[in-house]
J.: 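Below are the structure tokens for one structure; questions will follow.
Keep in mind the model is a prediction, meaning the values are calculated, not measured. Quick note on labels: first sequence line is chain A, next is B, and so on, each numbered from 1.
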Amino acid sequence: EPEVTQTPSHQVTQMGQEVILRCVPISNHLYFYWYRQILGQKVEFLVSFYNNEISEKSEIFDDQFSVERPDGSNFTLKIRSTKLEDSAMYFCASRLRGGDTEAFFGQGTRLTVV
Amino acid sequence: GQQVMQIPQYQHVQEGEDFTTYCNSSTTLSNIQWYKQRPGGHPVFLIQLVKSGEVKKQKRLTFQFGEAKKNSSLHITATQTTDVGTYFCAVGSGNTPLVFGKGTRLSVIA
């Protein structure tokens with residue numbers, strides 16, 4: 001069964017450093033997302049990406065964040081100048097199309113900022 | 001964007017008891033999805049409801065969509081320890097991203 005893969009599974013970084021979280025969405029899917037989940041809390045939407053550009057972003061997704069689809073398969077989330085409060089699980093998800101299709105989530109990257 | 005309120009936040013049940021979680025929206029929804037997240041895991045799609053008054057069943061799980069398409073519920077009959085996890089409702093339509101409720105964390109005491 002096709003799946004969304006994320007690397008690394010766990011990333012520890014020093015405060016102020018930049019991190020890149022990587023995702024390989026399901027190959028024929030058109031919509032890609034990043035979500036964040038602080039431990040024990042809800043799954044929060046960060047950004048959606050369609051047709052090689054950001055289609056929507058939340059208030060959380062400020063200038064500290066950026067996304068890229070550098071080639072036909074990878075989808076990355078870059079976090080610049082990390083802060084302690086960026087520590088969370090980051091999930092990548094993809095959907096075949098919008099609207100009425102299910103989202104497939106990767107296993108997540110646990111980011112720990114120290 | 002669309003928002004959904006989900007209650008309760010936590011539910012502790014004895015194995016064999018029933019469990020229900022509710023999602024409510026102030027606006028009419030085009031559809032609603034339900035996801036389950038096991039402890040330490042990622043959200044996994046369970047089902048989507050589209051039609052007014054729709055009821056769908058998956059074994060011991062029953063999903064309902066309200067007549068006005070503003071609320072939904074997930075009911076589990078005779079819970080088992082394998083049902084442990086957080087259940088989220090999620091809404092989104094067209095090109096808008098899925099927005100998740102806060103989730104209901106279910107604990108099952110054997």
Side-chain angles (χ1 to χ4, degrees), chain A residues 1-7 9-10 21 23 25-26 29-51 53-61 67 75 88-110, chain B residues 1-11 21 23-24 28-52 54 56 58 63 65 69 72 84-107:
Chain A
E1 185 173 311
E3 59 180 15
V4 176
T5 57
Q6 287 185 246
T7 54
S9 57
H10 193 185
L21 311 183
C23 170
I26 294 173
H29 284 190
L30 301 178
Y31 290 81
F32 315 119
Y33 307 89
W34 283 101
Y35 287 85
R36 179 181 81 175
Q37 186 177 37
I38 295 169
L39 187 62
Q41 298 187 24
K42 67 182 282 188
V43 178
E44 298 177 293
F45 166 72
L46 293 178
V47 65
S48 58
F49 196 84
Y50 170 71
N51 202 24
E53 61 183 18
I54 292 175
S55 53
E56 196 159 336
K57 57 185 180 180
S58 72
E59 293 174 351
I60 304 169
F61 194 88
V67 289
F75 180 48
M89 184 71 91
Y90 288 82
F91 290 108
C92 173
S94 70
R95 297 169 90 179
L96 178 61
R97 56 181 187 273
D100 62 349
T101 57
E102 67 183 273
F104 290 80
F105 282 78
Q107 302 282 349
T109 294
R110 179 169 298 284
Chain B
Q2 289 180 320
Q3 300 285 337
V4 279
M5 300 297 295
Q6 192 172 354
I7 55 170
Q9 192 174 355
Y10 302 97
Q11 185 85 59
T21 174
C23 265
N24 296 291
T28 303
L29 303 169
S30 59
N31 61 68
I32 190 164
Q33 298 183 1
W34 286 92
Y35 290 77
K36 177 183 178 180
Q37 184 179 28
R38 294 182 186 276
H42 60 283
V44 175
F45 175 81
L46 293 176
I47 210 158
Q48 176 173 264
L49 304 172
V50 178
K51 298 176 184 176
S52 167
E54 189 170 16
K56 287 187 176 180
Q58 289 179 351
F63 303 85
F65 204 8
K69 298 181 72 172
S72 180
V84 164
T86 302
Y87 293 85
F88 294 96
C89 59
V91 297
S93 61
N95 290 334
T96 62
L98 279 172
V99 173
F100 284 74
K102 288 191 173 182
T104 297
R105 186 179 299 176
L106 172 64
S107 306

J.: Side chains of A:Gln6 and B:His42, heavy atoms from C-beta outward: is any pair under 4.5 Å?
T.: no
J.: Tell me, side chain or backbone of A:Tyr50 under 4.5 Å from chain B's heavy atoms, or both, or neither?
T.: neither
J.: Could you grab the distance from atom OH of A:Tyr31 to atom OG1 of B:Thr96, nearest 0.5 Å is fine?
T.: 9.5 Å
J.: Is B:Lys56 atom NZ crowded by more than 12 heavy atoms from other residues, nucleotides or ligands, each under 6.0 Å away?
T.: yes
J.: Can you say whether A:Thr101 sits under 4.5 Å from chain B via the side chain, the backbone, both, or neither, judging by heavy atoms?
T.: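 For A:Thr101, the contact with chain B is made by the backbone alone.
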J.: Would you say the ring centroid of B:Phe100 lies under 6.0 angstrom from that of A:Tyr35?
T.: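 Ring-ring flag for B:Phe100/A:Tyr35: true, centres closer than 6.0 Å.
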J.: Using non-hydrogen atoms and a 4.5 Å limit, figure out which bit of B:Thr86 sits close to chain A: side chain, backbone, both or neither.
T.: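 Neither part.
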J.: Could you tell me whether a side-chain N or O of B:Tyr35 sits under 3.5 Å from a main-chain N or O of A:Ala103, the two making a donor and an acceptor?
T.: yes
J.: Identify, with sequence neighbours excluded, every residue that meets salt bridge (charged side-chain N to carboxylate O under 4.0 Å, His left out) alongside A:Arg36.
T.: A:Glu44
J.: Is there a side-chain contact between B:Phe88 and A:Val43 in this structure, where contact means two heavy atoms from C-beta onward sitting under 4.5 Å apart?
T.: yes
J.: For A:Lys42, does the NZ atom have more than 12 heavy-atom neighbours from other residues, nucleotides or ligands under 6.0 Å away?
T.: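 For A:Lys42, atom NZ is crowded (more than 12 foreign heavy atoms under 6.0 Å).
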J.: Please classify the contact between B:Gln6 and chain A as side chain, backbone, both or neither, with a heavy-atom cut-off of under 4.5 Å.
T.: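 Contact with chain A: none, neither part.
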J.: Between atom CE of A:Met89 and atom CD of B:Gln37, what is the distance when rounded to the nearest 0.5 Å?
T.: 8.0 Å
J.: Let me check something: any side-chain donor-acceptor pairs from residues 45-52 of chain B under 3.5 Å, sequence neighbours excluded? List them with distances.
T.:
from	atom 1	to	atom 2	distance (Å)
B:Gln48	OE1	B:Gln33	NE2	2.8
B:Gln48	NE2	A:Asp100	O	3.0
B:Ser52	OG	B:Glu67	O	2.5
B:Ser52	OG	B:Glu67	OE1	3.4

J.: With a 4.5 angstrom heavy-atom cut-off, could you sort out which part of A:Arg95 is near chain B: side chain, backbone, both or neither?
T.: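 It is the side chain, since no backbone atom gets that close.
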J.: Specify the closest pair of heavy atoms between A:Glu56 and B:Pro97, including all atoms of both residues, with the distance to one decimal.
T.: OE1-CD, 3.3 Å
